[in-house]
Structure formats: structure tokens, C-alpha cells
K.L.:
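I'd like to ask some things about the structure below.
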Amino acid sequence: MSVFSGKHILLGVTGSIAGYKSADLASKLAQAGAQVDVILTGAGEKFVTPLTFQSVTGRRAYTDQDLWGNEAHVLHVSFGKTADLFVIAPCTADTIAKLAHGLADNLLTVTALAATCPLLIAPAMDGGMFDHPATQENLSKLRERGVIVVGPAEGHLASGLKGTGRMIEPAEILGHIRIALGKKGILAGKKVLVTAGGTQEALDPVRVITNHSSGKQGYALAQAALDSGADVCLITAPTALTPPVGARLVKVNSAQEMLNAVLAEQADALIMAAAAADFRPKTMATDKMKKRDGVPQIELEAAPDILKTVAGSGSGAKRFRVVVGFAAESRDLLENAAEKLQSKQLDFIAANDISAKDAGFAVDTNRVTLLFPDGTKEVLPLTGKEKVAEKIIEHTSRLLE
Ligand code: CTP
């Protein structure tokens, strides 16, 4: 189940041009399965209309007019009680000041004062206003009270000037919302190490031997672990993907670098989703290999097997309580995967049929069977890599209990 499904999110929108980006945020949240109720301040309404938010959330958006309506009393109290999270994005210097001092002069601030759920704010304002000691003091006060403050970012501001004051992008706010919602998840207090992507083994300064791994399954695993409340470190070979917000990223190129990075960590669980190289060039040419020197003969040698090094009696053993591997197979899927489960001494393995067009490398879906040392298996039908990740995280958490 997604971290958003069944969740009630209250989205406050205050008076900033960044308000137009909040429509995108509201849309993303609603599409992800959350129930989103929007409250606009008077100034917020000047930039974006309630209709904009109603159109993307499928629910009516609230304004200060509702503060004086029949439901007013129930409205602000019930919102604050039923919501899982109150997000104010964009949050102006004025609203930050009101929140810091407990002022309640509009529907949004009245609701914030009555709310018992966690509060996350994404400040947006001019650089000078953000730097002002009053704003800084107000933000410190809010942080001390446990308010999650995300951003602002540095860059071009509405004033035409450059500075710190831009609201961070909706995709990034969404990542912070996921962390806030997942805080008490099944992996709360646990540390999870995930590897992802296809390693690159250098032939010379410009050429590498690599594979078709996109890193999608590994990144989805890191996100699923974050959604479950884990502290996540993602060791990644080069990919074109945006890392999940909140994961500590360690970038590597080769299988050797990946091994070194894994051995530098200690975690409750290791999930090896990376397609680490099995073979690497015996030597790397220090200069670019030239055509005029003829076709090079490339001698290969074995790259280190990361899982074998950290498993059972390997030299890097005991760093992880649960170790999960993948088996990328083009034939004899279950036989080969069962052999790897045993030889790499894993807690379970995800057998991945890479011969199908809709599974394995570079696509968004996967066809996976989970194999366990006691001989049991769980066949996951063709599904999104996010769903496969959620299942693997569920089993990992069960084994950590
Ligand atoms: N793996 C690893 N170190 C390597 C290569 C692979 O730790 N140098 C891990 C992968 O991350 C995966 C598991 O081992 O979790 C199985 O990888 P796979 O490529 O399917 O199998 P190999 O061990 O490489 O064996 P083979 O080439 O015979 O299929």
C-alpha cells in the first residue's frame, strides 16, 4: 500500500507567486491516493483560485469565507483532528510570524492552532525577508516546536533578485511529505542500505564496460524503505534517476568502489539490487586507446562479489542482520536463483526474469519470485517496481522483528 493511500492531508496555501506550484503539489498528492483538503488565505486566493485546487483534488477548497459560515466552528477543529499532516506551501513570512506567535486571524491560522497533527511548511518569500532576524527567529521557534521546515532554496526570486527564498519544487516537497507520513512505519528506527544501478568498469579514461540496469528497482526500494520510516543509505552506480528525498546518497562507479562503500556501512539490512559487474578489465589504460594502435585485446578478470564478501563467513560479515539479493536470469530462473540464495547465504532472493520485455532492466514493471531458505516462495505477478519494492520491504521488516 502506498504511503499516501488513505491519508488525509491538509494543504494550506498563502500569498506567494509560488502558489501556482502548489496546484501541482495538490494534484500529485491526490493522484498518489491522498485525500487533500485545501485552505487558501485571502492573499493566497489572489494568486490562485479555489477552483484550481478543486479541479485537481476533486474536493471543495476552503477560504476565509468559510470561517464565518455555519460549519466554521466544526471545520477548523475537525480538520486539525482528522488530518495526518498539515502542509503549508507556500508559507509566507507573514504566516510564519503568525504561526510562531500563535495568532489566529484567518481560517488557515485558526486551523493550524487547533491542529494536533504534524505541521510541515515550505517557506517562500523575498531573500531579504527570509534573512531578516525576525523571520529567522520565528523559524527557529517553529523548528523547536517540532515543525518540519523544508527549504527555501536559493535562486531567482519574484523580485528579479537572486537569493534564498524560493519555495522548493513540488516533487521535493512531496518527498518530505512521504518522510513525515512514514515516520512511524514498519522500519522506524531501522537502517537500510540499498545498492542500485549498473556498475561501470573502466577500459580507459573514456570507455567503460557496463550493463542495461537503469537503477529503477533499487531506487524504488530506497523510496519504499523511506516510506516505511527507515534511515536509508543508497549506494548508487551512475543512473539517470532523481534520488529519493531523504536518502543518504553514496555515488560509485565500479564494483570495487561499490564493495568499499558497502563495507564502510553498518545497517540492519542490506538490499543488493545493483547489477554489479562480474568481470572487469585487468588493467585500465591511463590514456585513451587510439585507433591507430589497432584493435585492443582486452583481458578481463573477476570483479569482487559483494554479497559473498558480506555473507556468512565472508571477510565483511556481520555488518547486516538481513541480507537480500536479486537474481537476474534469462533462463532456468528458479534453479539459478535458488543456487544463488544458498551460495551467497541470503535471507531471501528476488528472482528476476530478464528475458521478458515487460520485466527486468530499464522498464517500470517487474516479474519477480521471492525465494526463502526454507524452500517457500512467493510469486509476485507482473507489477510496478514500486509494488515489488513494497513487498521486499515488508519481508525485510518481518525478518528484522
Ligand atoms: N552481486 C554482487 N557482486 C557482484 C555481482 C553481483 O554482490 N559482483 C549481487 C547482485 O547485486 C545480486 C546478486 O549478487 O543481488 C546476484 O547477481 P546476478 O548478476 O544475478 O548473479 P551473479 O552472482 O553475478 O552470477 P551469474 O553471473 O552466474 O548469474
Side-chain angles (χ1 to χ4, degrees), residues 192-202 208-222 225 233-239 250 252-265 267 269-282 300-317 319-320 322-356 359-362 366-373 385 388-389 391-393 395-396 399:
V192 175
L193 185 61
V194 179
T195 66
T199 62
Q200 298 187 347
E201 310 299 324
V208 295
I209 299 179
T210 186
N211 56 66
H212 289 303
S213 169
S214 62
K216 282 182 180 170
Q217 187 62 74
Y219 277 52
L221 277 157
C233 173
L234 174 60
I235 299 179
T236 180
T239 72
V250 179
V252 297
N253 289 304
S254 65
Q256 183 63 54
E257 286 173 19
M258 189 169 272
L259 172 65
N260 296 347
V262 167
L263 291 180
E265 299 291 334
L270 165 67
I271 307 178
M272 274 292 301
D278 294 326
F279 315 109
R280 64 184 177 195
K282 202 162 184 182
L300 299 177
E301 64 176 10
D305 189 309
I306 301 164
L307 276 179
K308 278 199 173 147
T309 315
V310 300
S313 53
S315 56
R319 282 187 157 65
F320 313 101
V322 168
V323 179
V324 184
F326 273 76
E329 306 294 345
S330 56
R331 60 170 214 199
D332 302 331
L333 176 71
L334 298 184
E335 293 80 349
N336 284 329
E339 190 280 316
K340 282 175 192 169
L341 173 69
Q342 207 205 357
S343 68
K344 300 193 188 222
Q345 300 181 56
L346 305 172
D347 293 284
F348 68 98
I349 195 162
N352 206 179
D353 181 0
I354 55 161
S355 61
F361 292 139
N366 223 350
R367 203 186 288 276
V368 160
T369 302
L370 305 179
L371 303 183
F372 298 86
K385 286 184 173 170
V388 172
K391 260 280 169 258
I392 291 174
I393 291 300
H395 280 290
T396 305
L399 291 169

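Counting convention: from 1, in listed order, for ligands and their atoms alike. All residue numbers refer to positions in the sequence shown, counting from 1.
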K.L.:
For ligand 1, note which part of A275 has a heavy atom under 4.0 Å away: side chain, backbone, both or neither.
P.N.:
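Neither; nothing of A275 gets under 4.0 Å from ligand 1.
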
K.L.:
Within the 4.5 Å heavy-atom criterion, are V262 and L193 side-chain neighbours or not?
P.N.:
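Yes, their side chains come closer than 4.5 Å.
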
K.L.:
Looking at every heavy atom in both E201 and P281, which two are closest together, and how far apart are they?
P.N.:
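That closest heavy-atom pairing would be CB-CD, 3.7 Å.
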
K.L.:
Would L371 and F348 count as a side-chain contact (heavy atoms from CB on, under 4.5 Å) if you check the C-alpha gap in whole Å, the side-chain angles of each, and the deciding distance to 0.1 Å?
P.N.:
CA-CA 6 Å; L371 303 183; F348 68 98; over 6 Å; no

K.L.:
Looking at side-chain heavy atoms only, is the closest gap between Y219 and T236 below 4.5 Å?
P.N.:
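Yes; the side chains approach each other to less than 4.5 Å.
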
K.L.:
Give the single entry among I271, I306, V323, D278 that approaches atom 3 (N) of ligand 1 most closely by any heavy atom.
P.N.:
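Selected option, by shortest heavy-atom distance: I306.
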
K.L.:
Could you tell me whether A255 and ligand 1 have an N or O pair separated by under 3.5 Å?
P.N.:
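Min N/O separation from ligand 1 is not below 3.5 Å for A255.
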
K.L.:
Counting from 1, what ligand 1 atoms have a heavy atom of M272 closer than 4.0 Å?
P.N.:
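With M272 as reference, the close atoms of ligand 1 come out as 2 (C), 7 (O), 11 (O), 12 (C), 15 (O).
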
K.L.:
Give the atom numbers and elements of ligand 1 that come within less than 4.0 Å of a heavy atom of L307.
P.N.:
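Listed by number with element, the hits are 2 (C), 7 (O), 9 (C), 13 (C), 14 (O), 15 (O).
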
K.L.:
Which residue and non-hydrogen atom of the protein lie closest to atom 4 (C) of ligand 1, and at what distance in Å?
P.N.:
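It is A276 CB, 3.5 Å.
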
K.L.:
Side chain, backbone, both or neither: which part of K344 has a heavy atom under 4.0 Å from ligand 1?
P.N.:
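Under 4.0 Å from ligand 1, K344 contributes side-chain atoms alone.
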
K.L.:
Evaluating non-hydrogen atoms only, which member of S254, P304, A274, G218 is closest to atom 11 (O) of ligand 1?
P.N.:
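Closest candidate by heavy-atom distance is A274.
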
K.L.:
Q345 and S343: side-chain donor and acceptor closer than 3.5 Å?
P.N.:
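Absent: no donor and acceptor within the cut-off.
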
K.L.:
Judging by distance only, is a nitrogen or oxygen of A277 under 3.5 angstrom from one on ligand 1?
P.N.:
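There is such a contact, yes.
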
K.L.:
For ligand 1, which atoms have a heavy atom of G325 less than 4.0 angstrom away?
P.N.:
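Under 4.0 Å from G325, ligand 1 has these atoms: 15 (O).
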
K.L.:
If we ignore hydrogens and angles and just use 3.5 Å, is the side chain of D347 paired with the main-chain N or O of V323 as donor and acceptor?
P.N.:
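Checking the backbone N and O of V323 against the side chain of D347, a donor-acceptor pair under 3.5 Å is found.
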
K.L.:
When you compare the side chain of T239 with that of S214, does any pair of heavy atoms fall below 4.5 Å?
P.N.:
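The answer is no, as the side chains (C-beta and beyond) never meet within the 4.5 Å cut-off.
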
K.L.:
Assess the side chains of N352 and E329: does a donor N or O sit below 3.5 Å from an acceptor N or O?
P.N.:
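No, because no side-chain N or O of N352 sits under 3.5 Å from a partner of the opposite role on E329.
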
K.L.:
Are any of the N or O atoms of A327 closer than 3.5 Å to those of ligand 1?
P.N.:
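The answer is no, given that A327 and ligand 1 share no N or O pair closer than 3.5 Å.
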
K.L.:
So which protein heavy atom does atom 12 (C) of ligand 1 come closest to, and at what separation?
P.N.:
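Among all protein heavy atoms, the one nearest atom 12 (C) of ligand 1 is F326 O, 3.0 Å.
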
K.L.:
Are any of the side-chain heavy atoms of F326 and L307 separated by less than 4.5 Å?
P.N.:
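No; the side chains remain at least 4.5 Å from each other.
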
K.L.:
Nearest to atom 18 (P) of ligand 1, what protein heavy atom do you find, and at what distance?
P.N.:
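Checking every protein heavy atom, the shortest distance to atom 18 (P) of ligand 1 gives K340 NZ, 3.5 Å.
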
